[in-house]
Amino acid sequence: MTKKSIKCRVNGVNREYFVDVRSSLMDLLRGPAGLDSIKHGCDVGECGACTVLINGRPFNSCIYLAVWAEGKEIVTLEGVTNPDGSLSDIQQAFVDEGAVQCGICTPGFIMASIPIINQETPSTREEIRRQISGNLCRCTGYQKIVDAIEKTQKKRIAEKKKG
Amino acid sequence: MLSEPNQTKLTQKMPILTLEEMMSIVGRSLNRVDASDKVTGKAKYTGDLVTPNTLVAKVLHSTIANGVVKSFNLDEAWKVAGVVDIVTCFDVPDIAFPTAGHPWSTVEAYQDIADRKLLNTRVRLYGDDIAAVIAETEIAAQRALKKIEVTYEEYKPLLTIEEALANTEIPIHDEFPTNIVKSHKYEIGNFEEAIKAPNLIKVEGEYETPIVKHCHIEPAISFAYEEAGKIVVVSSTQIPHIVRRVCSQALGLPIGKIRIIKPYIGGGFGNRQDALTEPLNAYLTTRVRGRPVKLEYTREETFAFTRVRHAMHFKITSYLNREGDFVARSVKAYSNQGGYASHAHALVANAINAFRMMYPVGAIKGEAYTVYTNLATAGAMRAYGIPQISFALESHIDDIAKVTGLDPIAIRKRNMMKLGYVDPITTITCHSTGLEECIERGEKYLNYSEKREKYSKQSGAIRRGVGMSIFCYKSCVYPINLETSACRLVLNQDGSAQLQMGATEIGQGADTVFTMMAAETLGFTIDKIHLISRQDTDVTPYDSGAYGSRQTYVGGMSVKKTAEKFKAEILKFAGKLLKRDPWDLDIVENQVVRKNKKEPLISVADVAIEACYSLKESIHIAAEETHHCSDNTYAFGVCFVEIEVDIPLCQIKVVDIINVHDSGKIINLQTATGQVHGGMSMGLGYGLTEYLKFDPKTGRMLNDNLLDYKLMTAIDTPELHADFVMPYDPTGPYGNKALGEPPTIPVAPALRNALLNATGVAVNSNPLNPQKLFYAFKEANLI
Ligand code: FES
Ligand code: FES
């Protein structure tokens with residue numbers, strides 16, 4: 001078993017890990033990094049429950065090798081919560097819109113929605129649906145998830161306009 | 001099957017509230033009590049609770065579907081570094097046990113079939129559990145599995161009902177020599193006499209539904225260890241108290257020696273209304289002197305080796321008069337059980353019961369068979385046999401409309417269950433119904449009748465169609481099974497209360513509605529109720545768990561009863577402090593007041609602190625009550641859908657869809673709407689894309705993953721509309737009836753009927769996927 005040392009930033013903090021070269025980023029984050037917001041439903045890139053942001057883009061961490069994280073900026077759901085522990089806008093929208101049921105898909109959906117809510121121009125619901133179609137949810141029918149993302153995106157765009 | 005973005009959102013009418021309703025908590029649209037933990041990652045699921053030193057177990061699944069394990073060669077497997085133990089089917093206790101999530105029946109004839117062991121020598125499906133490895137790491141366990149050599153005596157796999165009925169020389173289970181698990185019949189009125197009436201129209205049809213999968217996103221998982229002389233199993237289950245009983249049966253241990261802990265779970269949909277990994281996991285920890293052992297299935301194992309929805313085949317015959325009244329109807333049903341009994345015949349029995357209940361007019365007879373085959377074991381899945389019969393029956397109604405030229409809505413309205421109906425076999429009574437209004441709202445929303453007329457005259461490659469379907473669904477499992485639920489409330493010194501339920505949160509929002517119900521009855525604000533979500537059978541009061549859409553109906557009544565008793569205890573103590581008759585007191589927004597008065601006399605917090613620390617009379621205020629439910633009532637609903645069919649591409653696109661439900665008084669509109677959306681999405685999958693495919697030679701499941709098994713993604717899903725008609729049901733604790741499962745029921749038949757409207761082609765099996773449509777359209781000379 002070969003191990004390798006990697007350096008990366010996780011939720012804004014510089015970290016160094018000594019990882020099995022075969023292990024996935026998901027194993028690293030859920031294991032030694034102790035970030036168990038990350039869920040898993042398939043381990044082969046089909047469900048999106050393990051989605052994290054790597055340099056701002058959503059990836060399925062189950063099929064991303066831990067060693068590839070060298071030098072990368074990684075954000076998980078723990079890093080989306082405001083530093084004072086309060087909910088960020090997208091989290092609050094998931095709560096208020098009723099986009100959460102069993103919740104196993106929720107961390108992945110929130111991570112997948114970050115790039116969408118940061119867009120400069122508003123998306124159609126169809127575009128939002130397309131962008132989150134790599135994430136599976138069996139409970140909600142996606143309706144309220146799309147609502148939560150759409151609402152947050154609109155709010156952010158309006159806030160940016162206001163300056 | 002992309003859907004057009006549909007901007008016409010249903011505008012939920014703002015109800016005009018009475019003063020009493022404005023005061024009440026039940027009926028409001030409140031955020032879920034667990035939402036905040038779930039959007040921050042604080043919510044803990046089974047996999048999040050596994051401790052680092054936990055051993056990993058992996059199951060060896062058979063590579064034949066029918067036969068007997070003769071021997072193992074474990075030599076190479078034992079050589080793998082990190083292997084701690086290897087257990088085979090020859091080592092486990094010789095005890096057969098049942099797995100179905102039913103409350104235990106003390107009457108032997110009604111007990112679930114005990115037909116499997118922890119590991120099985122007699123192999124009955126491709127992937128049967130035949131051995132297990134416990135290792136230090138997952139990789140070691142996997143490696144060891146690969147090195148185990150097995151020799152089998154192999155029999156021909158019996159994969160269809162026909163094959164299983166025809167090949168009985170070596171039955172799948174010796175105790176069932178015909179491979180029939182169970183069959184039964186009923187007859188209401190005299191069918192043969194009834195059909196002698198003159199001028200009847202006879203319509204016949206055969207309908208078939210496929211094997212499908214729950215696809216909860218969290219795979220099957222548990223871990224087990226020993227503590228304080230007990231086996232503790234932490235598991236993702238819908239039914240902790242039942243799993244405890246099953247584990248005790250499987251291991252031959254007293255029930256008090258087993259403790260089940262249920263944290264948050266990542267969906268269930270009936271799959272986890274069965275003991276899955278728990279019994280074997282409980283046994284495996286005993287093999288390693290109580291060290292923690294995790295048994296987590298991969299997605300592929302969860303697909304193939306947990307439970308599936310029964311495939312069913314129905315033959316329906318209907319006789320009706322010229323006006324459209326049913327005179328006689330019959331159904332003959334076959335249900336494919338797969339290798340083990342699990343919930344067995346209960347599902348198809350439920351299906352043919354609903355056949356009777358939905359249109360309880362004229363003579364009706366039903367006949368059902370559940371047959372063992374060497375396919376994946378079928379168990380409970382959302383709505384327990386009713387999606388199957390509804391696909392058949394509601395398709396059949398539109399077939400009748402086509403043959404007779406009668407209006408499909410008119411046929412339904414004439415014959416459907418009405419208020420006051422008492423089912424002659426189960427005695428379940430229709431205590432309230434808003435079905436007629438559900439139909440009217442759906443028809444109006446879609447402009448169904450006008451469109452149906454218009455669309456029936458189309459030609460061309462792209463056509464539109466509208467379809468609808470109705471259903472009825474029971475609100476609990478009484479009188480088929482025991483219905484019992486207990487609840488506990490404990491007062492804290494700050495005037496808040498712990499609420500403990502045996503009923504489980506599985507994503508459907510149970511914790512939220514129980515919190516609301518307790519607050520409502522106690523006169524507390526929501527924030528003063530602390531619901532303990534996690535069940536622990538050592539301390540949690542008994543309830544059989546989340547299934548049958550029973551919890552708000554049965555568990556809700558136990559909350560109400562317990563809260564009433566608890567409130568009386570608080571007021572009794574407050575009465576002493578205030579020197580007033582407790583009967584004259586009430587609680588409003590956490591304050592003790594005089595009945596029908598507003599001025600606070602003392603806060604519940606002050607009562608609580610005095611009760612706890614009083615030097616004169618300290619009392620710890622708590623209450624616990626059981627609700628043994630001995631009634632039931634029907635929920636109803638409809639689906640109306642408009643589709644666009646691309647005939648050359650053999651594709652269906654959903655243009656608009658609405659479900660309208662009568663689930664009685666809705667406790668929480670937000671969570672109820674969420675349930676409807678999720679059920680509709682699952683129904684769309686059932687109608688359009690989902691089915692499990694098996695290798696016809698070996699019986700191996702072929703599409704056992706989330707890529708090849710097509711459940712709805714966000715882009716496949718149209719905008720979903722939900723509406724509610726809310727008659728107050730007199731038997732529901734707060735006027736409420738079943739809601740969790742029903743939304744999935746009416747979607748597939750509505751889609752099928754829309755296809756019939758669009759093309760004139762009757763497709764009598766779901767899903768309506770392009771492969772199937774190709775053959776159907778070809779046969780109809782459309783392509
Ligand atoms: S667990 Fe990573 S995509 Fe499913
Ligand atoms: S909320 Fe359960 S899978 Fe999405």
Side-chain angles (χ1 to χ4, degrees), chain A residues 1 22 30-31 35-49 76-78 80-81 85 87-88 90-108 110 124-146, chain B residues 2-7 29 31-32 34-45 47-48 52 139 214-219 264-269 298-299 505-509 670-671 673-682 684 705-707 711-717 719-720 722:
Chain A
M1 171 164 67
R22 301 165 302 181
R30 272 187 65 82
L35 299 167
D36 58 17
S37 76
I38 299 153
K39 301 295 176 245
H40 67 123
C42 68
D43 299 343
V44 289
E46 292 161 359
C47 74
T76 70
L77 186 60
E78 285 84 350
V80 174
T81 310
L87 302 184
S88 61
I90 183 68
Q91 290 167 310
Q92 191 63 51
F94 266 66
V95 174
D96 293 341
E97 295 302 310
V100 179
Q101 289 190 26
C102 81
I104 202 84
C105 70
T106 307
I110 293 179
T124 62
R125 288 176 70 84
E126 182 84 2
E127 282 161 359
I128 294 173
R129 285 179 182 279
R130 193 172 298 282
Q131 279 174 276
I132 58 168
S133 61
N135 290 63
L136 295 175
C137 174
R138 192 57 151 172
C139 300
T140 65
Y142 309 100
Q143 186 72 21
K144 290 167 184 273
I145 294 177
V146 178
Chain B
L2 309 182
S3 108
E4 256 171 24
N6 184 339
Q7 301 303 339
S29 204
N31 288 343
R32 294 175 64 109
D34 53 2
S36 181
D37 274 4
K38 287 176 175 175
V39 297
T40 52
K42 282 184 200 146
K44 296 285 177 259
Y45 299 76
D48 304 329
I139 293 177
H214 316 76
C215 296
H216 40 72
I217 301 299
E218 178 199 31
Y264 283 121
I265 79 170
F269 311 114
T298 61
R299 172 56 54 187
E505 170 64 59
I506 64 165
Q508 82 285 47
Q670 186 205 76
T671 52
T673 308
Q675 283 301 286
V676 176
H677 290 158
M680 290 172 79
S681 169
M682 204 179 261
L684 284 164
N705 58 75
L706 295 168
L707 203 60
L711 71 155
M712 293 272 128
T713 71
I715 195 77
D716 305 318
T717 311
E719 296 294 323
L720 303 169

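Throughout, protein chains are lettered first and strands after them, A, B, ... in sequence-line order, and every chain is numbered starting at 1.
- Of the atoms belonging to Ile217(B), heavy atoms from both backbone and side chain fall under 4.5 Å from chain A.
- Inter-residue side-chain proximity for Glu126(A) and Ile715(B) is flagged as met; some heavy-atom pair is nearer than 4.5 Å.
- Of the two parts of Gln131(A), neither the backbone nor the side chain holds a non-hydrogen atom closer than 4.5 Å to a non-hydrogen atom of chain B.
- Only the side chain of Ile110(A) comes within contact range of chain B, judged by heavy atoms closer than 4.5 Å.
- At a 4.5 Å heavy-atom cutoff, the contact between Leu707(B) and chain A is made by backbone and side-chain atoms alike.
- Neither the backbone nor the side chain of Asp37(B) has a heavy atom closer than 4.5 Å to any heavy atom of chain A.
- The choice from Ser681(B), Ala35(B), Gly267(B), Cys215(B) that makes the most heavy-atom pairs within less than 4.5 Å of chain A is Cys215(B).
- Both the backbone and the side chain of Ser36(B) come within contact range of chain A, each with at least one heavy atom under 4.5 Å from a heavy atom of that chain.
- For chain A, no part of Met680(B) is nearby; none of its heavy atoms comes within less than 4.5 Å.
- Note on Thr76(A), Asp96(A), Ile90(A), Asn135(A): by heavy-atom pairs under 4.5 Å with chain B, the leading option is Asp96(A).
- Taking the salt bridge (charged side-chain N to carboxylate O under 4.0 Å, His left out) definition, one finds that Asp36(A) meets it with Lys44(B), sequence neighbours left out.
- Interface summary for chain A: among Gly679(B), Gly47(B), Gly507(B), Gly674(B), the most heavy-atom pairs under 4.5 angstrom belong to Gly507(B).
- Between Glu218(B) and Arg299(B), no side-chain nitrogen of the basic residue sits less than 4.0 Å from a carboxylate oxygen of the acidic one, so the salt-bridge criterion is not met.
- Only the side chain of Ile139(B) comes within less than 4.5 Å of a heavy atom of chain A; its backbone N, CA, C and O stay farther away.
- Ranked by non-hydrogen atom pairs under 4.5 Å with chain A, the options Ala714(B), Ala43(B), Gly268(B) are led by Ala714(B).
- Neither the backbone nor the side chain of Tyr264(B) comes within contact range of chain A; no heavy atoms are under 4.5 Å apart.
- In terms of heavy-atom pairs under 4.5 Å with chain B, the best-connected choice from Cys139(A), Pro107(A), Gly134(A), Ala99(A) is Cys139(A).
- Side chains of Cys137(A) and Tyr142(A) form a contact here, defined as non-hydrogen atoms less than 4.5 Å apart.
- Between Asp716(B) and Arg129(A) there is no salt bridge, since none of the side-chain N atoms of the basic residue sits less than 4.0 Å from a carboxylate O of the acidic one.
- No side-chain heavy atom of Lys38(B) sits less than 4.5 Å from a side-chain heavy atom of Ile104(A).
- A 4.5 Å side-chain heavy-atom check between Gln670(B) and Lys144(A) finds at least one atom pair inside the cut-off.
- Neither side chain, Thr40(B) nor Gln91(A), offers a donor N or O lying under 3.5 Å from an acceptor on the other.
- Remark: Lys42(B) does not engage Glu78(A) in a salt bridge, criterion side-chain N to carboxylate O under 4.0 Å.
- Checking Gln675(B) against Gln101(A) by side-chain atom types alone, a donor-acceptor pair falls below 3.5 Å.
- Most heavy-atom pairs under 4.5 Å with chain B, from the set Ile145(A), Thr140(A), Asp43(A): that is Thr140(A).
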